[in-house]
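Shown next, in structure tokens, is the structure this report addresses.
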Amino acid sequence: NRPLLIAMCVMRDNVLEMPDFVHYCNSIGANICFHKVWTPLQHAVYNLPAETLHNIYNLLTQQPPLPSETPLQRSNKAHYEYYLSVIKGWMQDADTHTANLEGMMNQSSAELVDYALNRLQAYIMRETMLEEDKNGLIAICSNKLKQVVAKWPESKQKRAMLIKLCLIKESEILIALKTQSVEKLYEMSLTTTEYNES
């Protein structure tokens, strides 16, 4: 006589199983919870190319409607539809990133670093933060980010990493900078998908 909740970490290898997971939870009377996966980057969905995200979103939205006869079914359906909206947002962001990518190809590494830092600073200043000292938060995050970038070897891969950094949402960069050490951030950055500049 206790409520049961089952969480699913949505990743590249199971994202298309979401409807089946809802049906399973409905069949055993369990509430569902879909978790966003940010790292490891190679398992995350949010950072997939725009075309792949479009394909995932289209396949999921073409599934038969989920049942909504009971309160549990309606709750699980609502959570599923919310996650679809999250994927749609990632898809739209990826479209914007793809459009911005061409312009970034012509920028120097120093310009890309400045661009990333300026975006992060603007985000911190306009959003509500737990930290009262926003300038202090900006200084800490900028310092960490510069340390990570300094660790990257000078190569074509460094440009690819900088371009990827400039395309990541500011909120995600901030979360990583606030919660991870420089060493961990560097390790995470090495799994970044390289962009082909040819």
Side-chain angles (χ1 to χ4, degrees), residues 7-15 33-50 52-53 56 83 86-87 89-91 93-94 96-98 100-198:
M8 173 182 180
C9 293
V10 181
M11 298 182 288
R12 298 180 184 187
D13 61 352
N14 66 9
V15 62
C33 178
F34 293 113
H35 283 306
K36 304 178 188 76
V37 171
W38 305 114
T39 59
L41 294 176
Q42 67 269 28
H43 296 300
V45 174
Y46 78 92
N47 57 350
L48 286 168
T52 306
L53 286 167
I56 289 171
Y83 207 92
V86 169
I87 294 174
W90 291 337
M91 178 182 74
D93 288 343
T96 302
H97 294 165
T98 301
N100 292 339
L101 182 58
E102 187 175 337
M104 289 182 184
M105 290 297 188
N106 300 321
Q107 294 187 0
S108 68
S109 293
E111 288 173 329
L112 290 170
V113 172
D114 287 343
Y115 176 75
L117 290 172
N118 289 336
R119 283 179 62 227
L120 182 62
Q121 178 176 341
Y123 175 79
I124 291 173
M125 293 308 292
R126 75 171 179 265
E127 297 293 326
T128 302
M129 298 286 159
L130 293 174
E131 296 82 0
E132 293 183 10
D133 182 7
K134 288 190 173 185
N135 289 323
L137 178 61
I138 290 169
I140 291 169
C141 290
S142 297
N143 184 47
K144 267 191 177 181
L145 189 56
K146 288 176 182 177
Q147 287 184 62
V148 174
V149 172
K151 285 177 171 285
W152 293 341
E154 291 294 338
S155 65
K156 187 176 180 180
Q157 184 182 17
K158 182 171 184 174
R159 271 193 63 75
M161 289 176 167
L162 285 169
I163 290 169
K164 179 65 177 176
L165 173 66
C166 290
L167 297 176
I168 297 174
K169 289 172 109 176
E170 299 95 323
S171 58
E172 295 163 18
I173 295 173
L174 181 61
I175 289 170
L177 289 171
K178 285 171 64 173
T179 60
Q180 304 294 339
S181 67
V182 171
E183 290 71 24
K184 180 63 177 176
L185 290 166
Y186 175 69
E187 180 186 321
M188 290 163 58
S189 72
L190 295 180
T191 65
T192 301
T193 302
E194 293 189 31
Y195 284 96
N196 185 350
E197 298 188 58
S198 59

What's the verdict on side chain to side chain contact (heavy atoms under 4.5 Å, CB included) for Lys151 and Val182, showing C-alpha distance, side-chain angles and the deciding distance?
CA-CA 10 Å; Lys151 285 177 171 285; Val182 171; 3.8 Å; yes

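- Of all the heavy atoms in Leu48 and Leu53, the pair that sits closest is O-CD1, 3.4 Å.
- Between Met129 and Lys134, the shortest heavy-atom contact is CG-CE, 4.0 Å.
- Residues Tyr46 and Lys169 are not in side-chain contact: their nearest non-hydrogen atoms beyond the backbone lie 4.5 Å or more apart.
- Side-chain contact between Met125 and Asn135 is present, with at least one heavy-atom pair separated by less than 4.5 Å.
- Between the CD atom in Gln42 and the CE atom in Met11 there is a gap of 11.0 Å [rounded to 0.5 Å].
- Under a 3.5 Å cut-off, the side chain of Asp13 and the backbone N or O of His43 do not form any donor-acceptor pair.
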>> If you apply the rule side chain to side chain contact (heavy atoms under 4.5 Å, CB included), what do you find for Leu162 with Trp152, and how did you get there?
In response: CA-CA 10 Å; Leu162 285 169; Trp152 293 341; 3.7 Å; yes

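- Between the Arg159 side chain and the Leu112 main chain, no donor and acceptor come within less than 3.5 Å of each other.
- In this structure, Ser109 OG and Met161 CE are separated by 12.0 Å, a value rounded to the nearest 0.5 Å.
- The distance from atom OH of Tyr83 to atom SG of Cys33, rounded to the nearest 0.5 Å, is 10.0 Å.
- Heavy atoms only, all atoms of each residue included: Cys141 and Lys178 are closest at SG-CG, 4.5 Å.
- For the side-chain hydrogen bond (donor to acceptor under 3.5 Å, both in side chains) test, no residue two or more places apart in sequence or in another chain qualifies with Trp90.
- With contacts defined as side-chain heavy-atom distances shorter than 4.5 Å, the pair Glu172/Asn47 does not qualify.
- Within the 3.5 Å criterion, the main-chain N or O of Gln180 finds a donor-acceptor partner in the side chain of Lys144.
- Note: Cys166 SG to Leu120 CG = 11.0 Å, rounded to the nearest 0.5 Å.
- In terms of heavy atoms, Tyr186 sits closest to Val148 at CA-CG1, 4.1 Å.
- With values rounded to the nearest 0.5 angstrom, Leu174 atom CG is found 11.0 Å from Leu145 atom CG.
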Apply side chain to side chain contact (heavy atoms under 4.5 Å, CB included) to residues Glu170 and Ile124 and explain how you reach the verdict. CA-CA 9 Å; Glu170 299 95 323; Ile124 291 173; over 6 Å; no

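- Checked by atom type and distance alone, the side chain of Asn118 never pairs as donor or acceptor with a backbone atom of Tyr115 at under 3.5 Å.
- Rounded to the nearest 0.5 Å, atoms OG1 (Thr52) and CZ (Arg12) are 8.5 Å apart.
- Between Glu111 and Gln107, the shortest heavy-atom distance links the atoms OE1-CA, 3.3 Å.
- Pairing each heavy atom of Val10 with each of Val45, the nearest pair is O-CG2, 4.0 Å.
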